[in-house]
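One structure below.
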Amino acid sequence: MVEAVDSRFPFPFEPYTIQKEFMEALYRTLEDSKIGIFESPTGTGKSLSLICGALTWLQDFEERKKQEAARLLENRADTVAEHPAEKKLTPGQDGSSSSEPDWITAFVQKKAERDLVDKLKEEEIKRKRREERLELIRQNVQLKYALKRKSDEDEEARQLLELSKECAEEEQGAGLEDGEEELLVAEYESDDDTKPKNRFDDEDDEDLEEEHVTKIYYCSRTHSQLAQFVHEVQKSPFAENISLVSLGSRQNLCINEEVRRLGSVQLINDRCMEMQKNKHGKAEKSSGGEPKRRRSKPKAVCPFYRHEALQGLRDEALVKVRDIEQLVALGHETKGCPYYGGRLAVPAAQLVVLPYQTLLHEATRRASGIRLKDQVVIIDEAHNLTDTITCIHSSEVTGAQLCCAHSQLSQYVGRYRNRLKAKNLMYLKQILFVVEGLVRVLGGKVGQNPQNQVTQSGTEMLTINNFLFKAQIDNINLFKIQRYFEKSLISRKLFGFVEKYQGNGVKVSLSSKENRRTEGLSHFLQSLQTSQPTPMVPTPDQKVADEEKQISMASPMMQVEGFLFALTNANKDGRLVIQRHGTLAQCSLKFLLLNPAVHFAPVLKECRAVIIAGGTMQPVADFKEQLLLSAGVAVDRITEFCCGHVIPPENILPIVLCNGPSGQELEFTFQNRETPQMMDEMGRVLANLMNVVPGGVVCFFPSYEYERRALAHWESTGILARLAAKKKIFQEPKKASQVEQVLTEYSRCIQNCRQVGGALSGALLFSVVGGKMSEGINFSDDLGRCVVMVGMPYPNIKSPELQEKMAYLDKHMPQVGRQSPGKALVENLCMKAVNQSIGRAIRHRGDYASILLLDRRYSRPTTLHKLPEWIRRSTRVQPTFGPAFASIRKFFSEKKQQQ
């Protein structure tokens, strides 16, 4: 361990004191191999602190590693010089002694030392070779264009080769239509064949076997957040000497237009994997020795999945820091796939930037070539990490999807029964049996239109084992079914089959019986699509929703596949929610993960250190209990760091208001929040605020429904007109596509009011906790001079999912203070939502704002303690409205004088 950490980290400017403290705490956490929970409010330069602190540690670590390697190599050279030959067995030496002779012990020690030195030498050679190659690419532009020219020549040769293959290949098996051989599942050889497939079976390049260097994996929620982080790296002092690669989904990285057109993530993934299989697949022998009659169209392969192009893209990606968009542009330039080329760059990269899903989902992690052993992971924007892991590993399927999947697979089996091997048929029949059982659980039958089957309404919660018994599929080995799905790609084959026969104008040459089968499939699909009326002029959002629905219905087996995978979780770690209402098509089965720690544990176990960072991490008690301690992390391995804000304390005025202007107690419980007295009092509070708060006011309601009722009440009583006389009123839209427009108009109104003046002093924006504007939107400066939180936004306690989660925690987790773990969860979910919302206003050092918490329950010590520390230390509890209003008036009056 380093004794003292130098506080002067490389930084693009003089860092704030809290940034220095953040980086020093981060350095110590990485050095001590701990799990760190870091909270740094937005506006305090968290991203740069993470970059400069972590990369400084990485550089120091690598330097110490090199020095240690050099020392060992030097010592070994001296030893060899002094003792050129190992001591050999002396004639007559007695080997019958009970203890090992000294020379054997020395020999073993020296062999271990030799092995270590040999490994160090090998790593040093690889490292130098890699550095020389990348430096050559950096310096030699001619080499870059030579590689590009070679790539173009290889592409031309590949096209000629494909053309010759097209002329030479003949159709496999009589009676199949053109291209139909691609729809057949390959022969399934063994249930236990778990040998991993090499992505480059045809290539033999030792570069692909390269050892992973010590690296930092940085992950966040969205691609835009990752791009923002990469831009911060580009501005940092490390931009020129760090090798960084950005990973993403095929949807974001694919440059093959034929595949991108599919739209759906699932379809893009399956089509891409099918193309890779075509590239490496061996020619099949003709079945039954029948004569080959016609040439068939060669199987589609991706032109961007070529070894040389991928290697070129890998090296180019490592010599310059690029975000996702820049990596895609590089892919077009090198004609290499950014998705697979980026994966090839992972072993040599020092900083890997990737989305949550890639890191937190084990199968995706393994497929992406990510090795966490002794590496560092930084998870940013982690305030919703528990929910994120839960969502990633939960799954839902509807009755319509189940019936459609069953019908499609039945048609498929009927069409190809005579050409499928016995083991394939066995597994396909098992899948049909399982899907039929799932439909039966929902109270329906397969083979009938789910839109016409009425079910008995109700919600039921079951353990995994009880659900399997209820569906009568407990005798099916779902692990073998899972392996069959993965190896046979049956979901993709089935989608291709449906594409061919769902009435899209393709002429089919079948026997009359087979014609009836495919016609039945076509009619069934069309009946599902036409059973519900569609609007005459669909909006863009409706178009997107309709496209997603069509994709979902066109490939329902993919949804079923995901749901069946979820059923392989341990019985105690999940629950099944059966929701029956209306018709069978509207019913659904949902797998709910109760124990996210089981999927997070491998990350914590393998990594050298894990940093969990966010702008608002409070409250962290349930987070630590559910994700860290439950995963087996020792208490002494967890460290916490929480820094204040860069703004001075006098720039923020948080107030807990217990009573309104008329003396009405403010307690917005579910029972009394809709009473006229409570809504009137809330309106009076806002009307008073409009008189003294400049610029923009953002008011958060606990739900859309309560917002609607309150605004309707105020309109009828005239309060809304009083508010509109002082500030123009805006309302958060429910559609994400309209958020930008509302924010632009809101901002323009505030700017005009400040410049022109007049009766209006700004704008009032009504928003909803957990809505489109409670996360990720900045209300800096005049956009958010006051944030009002109406009541406490507790989640729906009657939700079956929440009730089951509470029951699970009460059974498996220790008590939190005097509260049961279930009740603590409810309050923590509420306060996390509050903290995210009220943190929207203060965004930089010179910003200032008032925060008003309208509910006396915020004054409880346990609740106050769950506010972010930088807000909590300035919070005042005001029992009456008069003093609270006076302090708000004084706060803004002083700020006006200072300008």
Is there a side-chain contact between [X] and [Y], using heavy atoms and a 4.5 Å cut-off?
{"X": "I216", "Y": "V377", "result": "no"}
{"X": "K605", "Y": "F600", "result": "no"}
{"X": "L360", "Y": "I392", "result": "yes"}
{"X": "V245", "Y": "L351", "result": "no"}
{"X": "R608", "Y": "L372", "result": "no"}
{"X": "W57", "Y": "L26", "result": "no"}
{"X": "Q375", "Y": "T214", "result": "yes"}
{"X": "Q836", "Y": "H383", "result": "yes"}

Just by distance, do the side chain of [X] and the backbone of [Y] share a donor-acceptor pair under 3.5 Å?
{"X": "S630", "Y": "L627", "value": "no"}
{"X": "S47", "Y": "F229", "value": "no"}
{"X": "S49", "Y": "M23", "value": "no"}
{"X": "S236", "Y": "F238", "value": "yes"}
{"X": "K215", "Y": "P347", "value": "yes"}
{"X": "R322", "Y": "L244", "value": "no"}
{"X": "D323", "Y": "E325", "value": "yes"}
{"X": "Q234", "Y": "V321", "value": "yes"}
{"X": "R221", "Y": "T388", "value": "no"}
{"X": "R365", "Y": "L359", "value": "yes"}

Open item on the list: Would Y218 and V233 count as a side-chain contact (heavy atoms from CB on, under 4.5 Å) here? Give the steps.
Closed with: CA-CA 12 Å; Y218 172 91; V233 175; over 6 Å; no

Residue pair [X] / [Y]: nearest heavy atoms and the distance that separates them:
{"X": "A609", "Y": "S33", "value": "CB-CA, 4.2 Å"}
{"X": "G331", "Y": "P338", "value": "CA-CG, 3.9 Å"}
{"X": "Q251", "Y": "R260", "value": "O-NH1, 3.5 Å"}
{"X": "I324", "Y": "L247", "value": "CD1-O, 3.7 Å"}
{"X": "G248", "Y": "P355", "value": "CA-CD, 4.2 Å"}
{"X": "L310", "Y": "F304", "value": "CD2-O, 3.9 Å"}

Open item on the list: Could you check whether atom NE2 of H231 has more than 12 heavy atoms from other residues, nucleotides or ligands sitting under 6.0 Å from it?
Closed with: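 Yes.
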
I need the [X] [atom1] to [Y] [atom2] distance, nearest 0.5 Å.
{"X": "I51", "Y": "T56", "atom1": "CD1", "atom2": "OG1", "answer": "11.0 Å"}
{"X": "L58", "Y": "Y27", "atom1": "CG", "atom2": "OH", "answer": "10.0 Å"}
{"X": "L593", "Y": "D387", "atom1": "CG", "atom2": "CG", "answer": "11.0 Å"}
{"X": "S220", "Y": "Y356", "atom1": "OG", "atom2": "OH", "answer": "5.5 Å"}
{"X": "T390", "Y": "Q626", "atom1": "OG1", "atom2": "CD", "answer": "8.0 Å"}
{"X": "C642", "Y": "E21", "atom1": "SG", "atom2": "CD", "answer": "11.0 Å"}

TODO: Could you check whether the rings of F22 and F641 sit parallel, tilted or perpendicular, using 30° and 60° as the cut-offs?
DONE: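 Rings of F22 and F641: perpendicular, over 60°.
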
Do [X] and [Y] meet the criterion of a side-chain donor-acceptor pair at a distance under 3.5 Å?
{"X": "R250", "Y": "Y340", "answer": "yes"}
{"X": "N569", "Y": "H393", "answer": "no"}
{"X": "S249", "Y": "N252", "answer": "yes"}

TODO: Assess whether side-chain contact (heavy atoms from CB on, under 4.5 Å) is satisfied between N828 and F623, documenting all intermediate values.
DONE: CA-CA 9 Å; N828 288 338; F623 178 88; over 6 Å; no

Open item on the list: Before you tell me yes or no, could you show the steps for S246 and V230 under side-chain contact (heavy atoms from CB on, under 4.5 Å), namely the whole-Å CA-CA distance, both residues' side-chain angles and the distance that decides it to 0.1 Å?
Closed with: CA-CA 8 Å; S246 295; V230 173; 3.7 Å; yes

Open item on the list: So that I can tick it off, tell me whether R371 and E606 are bridged by a salt bridge, with the cut-off set at under 4.0 angstrom between side-chain N and carboxylate O.
Closed with: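 Looking at E606 and R371, the cut-off is not met.
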
Task: Pairing of E232 and K46 as salt bridge, 4.0 angstrom limit - done: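 No, E232 and K46 are not salt-bridged.
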
- [ ] Check the pair D573 / L594 against side-chain contact (heavy atoms from CB on, under 4.5 Å), numbers first and verdict last.
- [x] CA-CA 5 Å; D573 292 334; L594 296 178; 5.9 Å; no

Task: Option among T334, V328, L330 that satisfies the side chain to side chain contact (heavy atoms under 4.5 Å, CB included) test with H332 - done: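 Result for side chain to side chain contact (heavy atoms under 4.5 Å, CB included) with H332: V328.
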
